[in-house]
Each structure stands twice: as C-alpha cells, then as structure tokens.
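Only a predicted model underlies this, so the values are computations on that prediction, with no experimental measurement involved.
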Number of protein chains: 2
Amino acid sequence: MASDEVYRASTFAPVNIAVIKYWGKRDPKLNLPTNSSLSVTLSQDDLRTHTTASCSPSIPHDSLTLNGSDQDISGARTQACLHELRTQRQQLEDGDSTLPKLAAMKLKLVSENNFPTAAGLASSAAGFAALVRVIADLYAFPLTPTQLSRIARQGSGSACRSLMGGYVAWEKGVEADGSDSVAYEVAPAHHWPDMRALILVASAEKKDVSSTAGMQQTVASSALFEQRVKEVVPKRMRAMEKAIHERDFAAFAALTRKDSNNFHACCLDTDPPIFYMNDTSRCAVRICEAINANHEASAGKEGPVCTYTFDAGPNAVVYYLADNEEEVVGVFKSIVGDKTGWEGKRGQTVKRMNDAGALKGMEVAVEGLKKGVSRVILTGVGDGPRKTEEHLC
Amino acid sequence: MASDEVYRASTFAPVNIAVIKYWGKRDPKLNLPTNSSLSVTLSQDDLRTHTTASCSPSIPHDSLTLNGSDQDISGARTQACLHELRTQRQQLEDGDSTLPKLAAMKLKLVSENNFPTAAGLASSAAGFAALVRVIADLYAFPLTPTQLSRIARQGSGSACRSLMGGYVAWEKGVEADGSDSVAYEVAPAHHWPDMRALILVASAEKKDVSSTAGMQQTVASSALFEQRVKEVVPKRMRAMEKAIHERDFAAFAALTRKDSNNFHACCLDTDPPIFYMNDTSRCAVRICEAINANHEASAGKEGPVCTYTFDAGPNAVVYYLADNEEEVVGVFKSIVGDKTGWEGKRGQTVKRMNDAGALKGMEVAVEGLKKGVSRVILTGVGDGPRKTEEHLC
C-alpha cells in the first residue's frame, strides 16, 4: 500500500428540532444533561450537513473546513470526539494486524451545510453527527447509531439525536461516565411520515446568550428549573413517546408547545434573565393559536392542526401534518409569502389562504410577522445519516 | 335636618407597584390570593386617584364617574365593597340612633386620576383604595387601614395595599372567608424615604390578556406555578421584609428583579402562554443590567444601583435610591429624554449622562427603548391615602 493512499468516506447528516427540550447539564465536560429530551429529525433534502473525512500518511495535521472556511478544532468538544474515535480504531487495529493503520493518520474533514448559517438553526447537531458518523464509516466501526450517539453527545449534546431518523429520544442516563446517556429511536420516520415543519426564520439579531452559557446559568439560578427537571419533563417524555407511537397529533401538539414554553419560562426565570423569544416569536405563537381556533370553530372538526416550538433563538418551528398543509402553511404564506424560501417544490405548491378566517382580528400579529420574518424553510420528518459517494475532497 | 342635606368626604389614594407579585387567586369571588405579595406605595404627588363620596336623600341612585365619564358599578367587585361598607354603617346606626341614616342613602362617587389612563398603570388599585377609604370616612368608621384593606381587597386584590404608605405586605391568609387576607405596613415611607421609581411607559399596544383572566389560566395550567406559590414566594417575602427593615438595596434589588422574572416565567408557562413583557421591556432590562455592571466596574463601588419590575404589561418600573439618581435616571434620560414626562420638577433636574460608559455596546437596547417608550414618570415611595377638603362634587 503506497504511503500516499487516501482513505475516504462521506455522509449526509440531518438537523433535528427538539419537541421536549434539552436545557441544562449535570456534567458540562461530558455533556450529560439534567433531563431527557426528544426530537424530530428533519429531512436532509432541506437541511443537512455533508461531510467528507479523509486520512492518509501525507495529511500533515487534522483540519476541518465548513462551507470553505477553516474551523478551529482545538476545542475540548471536538478533541473529545476525535480522541475517542481514534482510540476505538486503535483497538480494532490492535486486534487485527491486517487493518490499515488509520488511527495514526491525520484527518482532513470537509463540511458543507445546504442551509444558510445566518438562519440561526442549530447546525452544530448536524455538524457533530456528520463528523462522528463519517469517521466511524472511515474507520469501519461495527457500531450502532445508539453506540455512536454516546460519542457525538460529547461534541454537542443535541448531536446525539441526529444519528437517527424519525423520532429520537436522548435518555439522560444516570452513570457518572455518561455511558448510558445515549439516543435511541422512538419510531422511524415511516412510522409517522406525514409530520411536516415550517420554520419561520426571524430577522437576524444578535443572539441573547449562547446556549452553552445560558443553560448553566439556568441550572445555577432558576428557582423553577428543578421542578422542570424532576417533575415536568419525565412525565412529558413518557407522554410524548406515547403520542408518537399512537400518531396522536393533538397530544403531540400540546406537549410540544407546553414544553417549549416551559423551557423559555426557565430561561426567563434565570438570573440575569435569558430571552430567546422576541416579539416576532410571540406573533408566530398567536397566529398558530388563531389557525387552531379557526379550525376548531368549524363544525365537526377537531384540533389542533399545528403547534410550535422555539430553540435558543427567535425562530418558530411550526409542526403540522401533511393533510393540513393548506390550512396551516397557506395562512403563513398569505402573510409572509414574499419572503425567501417559498421557491422550492414544497413551497410553490402551497396555496395562499388570503381570505383566511383565521386572521380576523390578528392584525398586530400579522404585521409583526411581516416585519420580523426574513425567510421560511419548509421541511418534514426524515431519515438518519446517509452514506454517500459524493466526496467533498 | 333637611332632607336635601348632603354628606360628603374626599380622599386621595396612591398607586402601588409590587416587588413580590400577586398572581393567582385561591378564591376568585373573594379575591383571595394564592400567595402573599409586597409593594411600594408611590407618591401621590405623581400618581393618585382623587375621589369624593357624597350621599343625600335626594341622590336617586348609586353612581361613579371617573375623569368625567360614567362607570359601570353593577359589577360584583364594586357591589361587594359597597354592600360591605353599607352593612357596617347600618350596624353603627343600629347601635346609635343619633347617627344620620346614611346607609339607606344612595352614593354619588366622583373620581379623577392625575395620570393618563392610557399609560396602562394599574389604576384599579388606587381607584378601589380611594373608594373604600372615602366611604369609610363618609361613614365615620373607626377602622384601621388593615381592617379596611379586607374590604378593598374584594374590589381589586392589589387595592388592599394602597390603603397604607411606604412598604406594604398583603398576607394571603388561610381562612376560607378571607378575614385574615389583609394588608399591613412593613415599614412607613419615612423608614426608607429615598426609594425612587422611574416608570418607562411602553407605547400602547393592546394588552395581551387581562390580569383577572390571565392569573386563573396560570393557576389552572402552569406546571411551574405551584413551585412559585409554595416555595419561591414564601422565602422571598421573608427576605424582602428583612431587606426593607435593613434598608438593604442590594437584597431589595435582587429579590425585586427575580420575582418579576419568576412571575413572567409563570405567565409564559401558562397554556396558552401569556406575554406581558415585549421587546421594549427586554431592552429596559438590558439597560438596567448595563447601568449596574458599569457601576460595579468602578473601583470600590458596590452594586447594584437599580432594579426593575414589570406588572401585567410592558411598562418597566425601575427602582433606585435618590443618591444614585444621576447614574440611573441620567442614563435613561440620555436615551429617552425627548419623550413626555421629563418636564416636571423631578425630571428637569436630572442631568443626561450622554457619555455614559454604561451604554457601550448597548446599541440594540438603546434603539429599542427609543422606539418603544412613549413617556416616563418619575416618582418615589410615598404615604397612604390622605383626607382632603377638596371636593369633586
């Protein structure tokens, strides 16, 4: 084998948006959370990180580029992932002398996101999921996604949920070494394939507090957070798994909106307070409520038809089922139809509901959305990471 | 005594702004709260209701005008107060036949507020305090403010705290009939006379949810509210009384801001969520934090020098001590000095801190305040209701 031979693997990894939120670490170094969480993996047709990992004796040092620009990989999080992956590779090589000596080689990582970084979407989840998945492929690990999730978690907590498709839970675990703090599939995407998401990207404003810093301030100072961790989330995790198993959108919707609000309430109860939702976010909440109220006011129709969740930023993620697309997305299109994001196949086909009864008396919220939303992203539940032969280097 | 003789009394009553918030009723009919609360009574030079009560055999029916317009007094709250006051007067008359028969006469009530109703200040507290105080004077009741507070509470919960000056607590009580749910003076205004308040009135926007409806939604649906009621508030009530007794502004400031944020967190955790703070409110929070950080950064200076609280609306009430007026109010004047409200004696004398280091890097918050604040009110701690011979009718 020539010393300049290059070993290479590539993968796509998805974004996920939690419906039971991760907030707070019991161990900041290992990214061990104070509570379990649950997310929907979103389709890689719309949002994904594409990463190629290559190694060869001629690569002089580890490197990572994202969308063409060099990234700092000296941070403890990235180093923890690389170290663990190399250690496991070394063990394989130690047990089988025919294997190429990849563990000793430097890694060249090249990543591209197909969504605007400025959108404020949690790209670190997809990024670390892709990094761990692609190196595991390069190293030919015989590991399950759940086993890999333990490694990805150390890079970015929520990354562990991007190693699987569909509906994914991250069990907080109880062990001090984090060995049981892993993600598992609650249900694959095809179990409930008609789950859709409309992301309303709020006009860029400097983020209030980074989530890494913010969550530990909450742990240290909120008088309500312990209640969330001990009482609120455990019950909702069980109820959410049940809702997903039974494809019960009404239960899914209630739990999703309540948990988002509960999480942001704990942020507000932090000292000093953390504000991620802004006036635009609140307008999105009111429009969702109006769409549901309008639906439920129709004879014989039960609701809700949409729900919302907010991560550590002002963007609204509106979940709905494909059957109700016009009733939900059509209303939003009638308000923010002139923004970026409708030009794709998913967006073009949605009819604007210009005469929507849902918007009666909602002038303030309508104006707020028009003013505060800069783009939309239409997507839906999707699969886990996909291996590809499309290499970026 | 001629049948057309008119009996008359007049009073001024103050506004109060809670620093430990009242939110939630354990008995909506009697206005019995789920938790105790504590407020600062504000000076009647700046904010007050002036009410005259008159009765005579020739007055045909009960009536109330506020700032010249007729008010509906048929509501259960107002009727509960009038009924109780008349019943007590009747008992006095039954025991002393020489007393004029006022209980049987109709009441004419005329009220005027010296502050704009549009400002969204809780005027019902001053209004019901004035109503109860003035009728008690008219009826010559030998009752203490605490005894009267039990009656005023039935009109509007927070009104019971406007029957006294200075620092006033409302004990939630445990009795089913509300007999022990009364206000008491924690300390008179002259105990800590240099407490000041700057009210930043946010541009009028329709109020999200009335506080009467909102608080019961919180009781019914928030997963965090019980924690607030059972654990958070009782500890903070004791700590706040201590802070006031010891004139400990640092403790007062921390408790005030934390309790405001805790209350709004419970509003956000309500289903559907209630939002009273808006982007303007958040900018006010950030400016307060910047003023405190700037102060604490100066060698040898301890902070904080200001704190904030928000009622059921977006207006910020900034508390500070007179000695720090320039450092606190001067900064706000440099931002919103062109708004209404600085023309009074209190406002004119404050120098703008245009070169304030506090505002370095705070451009977003500064712009937000400029855009969102419509007027300011400068005031401070003040006395309880004052009897007056200035009659309005």
Under 3.5 Å side-chain donor-acceptor pair for B:Asn262 and A:Asp269: yes

Rounded to the nearest 0.5 Å, how far apart are [atom1] of [X] and [atom2] of [Y]?
X: A:His264; Y: B:Leu268; atom1: NE2; atom2: CG; result: 7.5 Å
X: A:Gln227; Y: B:Lys230; atom1: CD; atom2: NZ; result: 9.5 Å
X: A:Phe275; Y: B:Arg286; atom1: CZ; atom2: CZ; result: 5.0 Å
X: B:Glu231; Y: A:Leu224; atom1: CD; atom2: CG; result: 11.0 Å

Validation row: B:Pro273, A:Met277 side chains within 4.5 angstrom (heavy atoms): no

Close side-chain approach of A:Lys258 to B:Ser222, heavy-atom, < 4.5 Å: no

Residue selection (most heavy-atom pairs with chain B, distance under 4.5 Å) from A:Asn261, A:Val285, A:Thr270, A:Val232: A:Asn261

Residue B:Glu226 excluded, over 12 heavy atoms near CD under 6.0 Å: no

Interchain contact, B:Phe225 with chain A, by part (heavy-atom threshold 4.5 Å): neither

